[in-house]
Amino acid sequence: MAIETPTVYFTDMNCRIGDSLLMKTERLVKAAGIGDIDMEKKFVALKIHFGEYGNLSFLRPNYAKVVADIVKEQGGIPFLTDCNTLYVGRRKNAVEHMDTANLNGFSPMSTGCQIIIADGLKGDDDVEIPIDGEYVKNAKIGRAIADSDVIITLSHFKCHEQAGFGGALKNLSMGCGSRRGKMEMHSNSKPVVDDEKCRGCGKCARFCAMDAISYSQKKASIDHSKCVGCGRCVSVCPFDAIEPAYDQSPQVLNAKIVEYAMAAVKGKECLHVSFICDVSPFCDCHGENDVPVVPNVGILASKDPVALDKACIDLVQKQEMIPGSLLWRNSGGRRPADLLKCVQPSTDWQSTFVHAEKMGFGSSEYVLKKVE
């Protein structure tokens, strides 16, 4: 039996007097089938990126409220969520993460629902979800996301320095993975100690289940023959002295992103919404954002995250370059064949869709349907 090509719903960002982007977002998600999802008395995870402090390209909280209000109208229990970061920043534990979310405008008042950091206080509260992947066998997903009944992603589409682009798949994978899940996606090796930052406090050794950490001259040392790469030492170090190693090809990273996304949605009803606006050259995990590389395009929604991401890429590739942006600077002002590759030359965004097809997850073919 032939598999039906998924539909990606699209609305542009033009608004007549009396209309608004919030109203267009509501019409879009309803056209995309949010009303078909059974939410009665169910926990609905609204997965979003709160933005690193100092970054201003993340999604406005107003968009989240539109979706949260619809979920509540359908009897669901929405909560806005993200997982703690692996890198050093202001979202590496739940307290700082929620402080940053609040500073960036996310609150129960502005979003219409509570905020829960899915992998707990220190980023180690997760659930292992079996996935028969080529690289991942048990994905480590933040517990609150794993325990939810429905997932709705709200993604800011952008370029990315490692994956090539950030959209629904990255929001589901890197965004839903706990700190040790993020380490599994980012690295093939074990964490390392920065001697200059290490204070010899002993906390990492106390939390190491494998007894892999010892001390010499008041500095921690990790025995990689014992270490299993769980990343718990990274999350508990109060001085950010233990760091993951980023040591794999872009193709492997993108394959793991696909497999983690599969795990995040396993057994759940989903809807995915992406906003092609303020298309920054780097991830919103940066504490800054550069000039957008292309003009604002629109808002897209689909129940297939693979089709959604491919539609976003296809639309971005058709846009004009913004003068002065990193895309403009890298290209010398001459339009390149591949805009994303020009922004981040060391990446390979196409490999994401090759692996998704190999895993039978989603479709890079789609039907684009305009919603007014």
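Being a predicted model, the structure only gives us computed values, none of them experimental.
- Proximity of a side-chain donor or acceptor of Asp82 to a complementary backbone N or O of His49 within less than 3.5 Å is not detected.
- Taken to the nearest 0.5 Å, the SG atom of Cys227 stands 6.0 Å off from the CD1 atom of Ile222.
- The aromatic ring centroids of Phe275 and Tyr63 lie less than 6.0 Å from each other.
- Within the 4.5 Å cutoff, the side chain of Asn254 has no heavy atoms near those of the Phe353 side chain.
- Remark: side-chain polar atoms of Arg179 are paired, donor with acceptor, to backbone N or O of Leu86 under 3.5 angstrom.
- Using a 4.5 Å cut-off on side-chain heavy atoms (C-beta onward), Val293 and Ile322 make no contact.
- In the hydrophobic clustering, Tyr53 connects to Leu103, either directly or through intervening members, whenever side-chain heavy atoms lie under 4.5 Å apart.
- A donor-acceptor distance shorter than 3.5 angstrom exists from the side chain of Lys266 to the backbone of Pro130, with no hydrogens or angles considered.
- Using a 3.5 Å distance cut-off with no hydrogens or angles, the side chains of Asp304 and Ser363 do not pair a donor with an acceptor.
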Under 3.5 Å, sequence neighbours excluded: what are the donor-acceptor pairs made by side chains of residues 206-216?
{"residue": "Tyr215", "atom": "OH", "partner": "Gly202", "partner atom": "N", "Å": "3.2"}

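- Side-chain N or O atoms of Lys170 include none that pairs as donor or acceptor with a backbone N or O of Ala261 at under 3.5 Å.
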Under 3.5 Å donor-acceptor pairs involving side-chain atoms of residues 35-44, not counting sequence neighbours:
{"residue": "Asp38", "atom": "OD1", "partner": "Glu40", "partner atom": "N", "Å": "3.3"}
{"residue": "Asp38", "atom": "OD2", "partner": "Lys42", "partner atom": "NZ", "Å": "3.4"}

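- Using a 4.5 Å cut-off on side-chain heavy atoms (C-beta onward), His186 and Lys256 make no contact.
- The ring-ring contact (aromatic ring centres under 6.0 Å, His included) check on Phe50 picks up His97, Phe106, with sequence neighbours excluded.
- Asp147 is linked by a salt bridge (Lys or Arg N to Asp or Glu O under 4.0 Å) to nothing, counting only residues two or more places apart in sequence or in another chain.
- Although no hydrogens or angles enter the test, the distance criterion places no donor-acceptor pair under 3.5 Å between the side chain of Lys140 and the main chain of Asp125.
- Here ring-ring contact (aromatic ring centres under 6.0 Å, His included) pairs that include residues 278-300, with residues two or more places apart or in two chains, are Phe282-His286.
- A search for salt bridge (Lys or Arg N to Asp or Glu O under 4.0 Å) contacts involving Asp99 returns nothing, not counting sequence neighbours.
- Through side-chain heavy atoms spaced under 4.5 Å, either directly or across other Ile, Leu, Val, Met, Phe, Trp or Tyr residues, Phe239 is tied to no other residue.
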Can you list the steps and then say if Asn84 with Asn93 is a side-chain hydrogen bond (donor to acceptor under 3.5 Å, both in side chains)? CA-CA 6 Å; Asn84 292 307; Asn93 61 63; over 6 Å; no

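- With side-chain heavy atoms closer than 4.5 Å counting as contact, directly or through intermediates, Met23 stands alone and belongs to no larger hydrophobic cluster.
- Two residues are said to be in side-chain contact when any heavy atoms from C-beta on lie closer than 4.5 Å; Gln217 and Asp195 fail this criterion.
- The hydrophobic cluster around Val367 extends to none of the other residues, as no ILVMFWY side-chain heavy atom falls under 4.5 Å of it.
- Sorted pairs that involve residues 276-289 and meet salt bridge (Lys or Arg N to Asp or Glu O under 4.0 Å), not counting sequence neighbours, are lacking altogether.
- Every residue two or more places apart in sequence or in another chain that forms a salt bridge (Lys or Arg N to Asp or Glu O under 4.0 Å) with Lys358 is listed here: Glu134.
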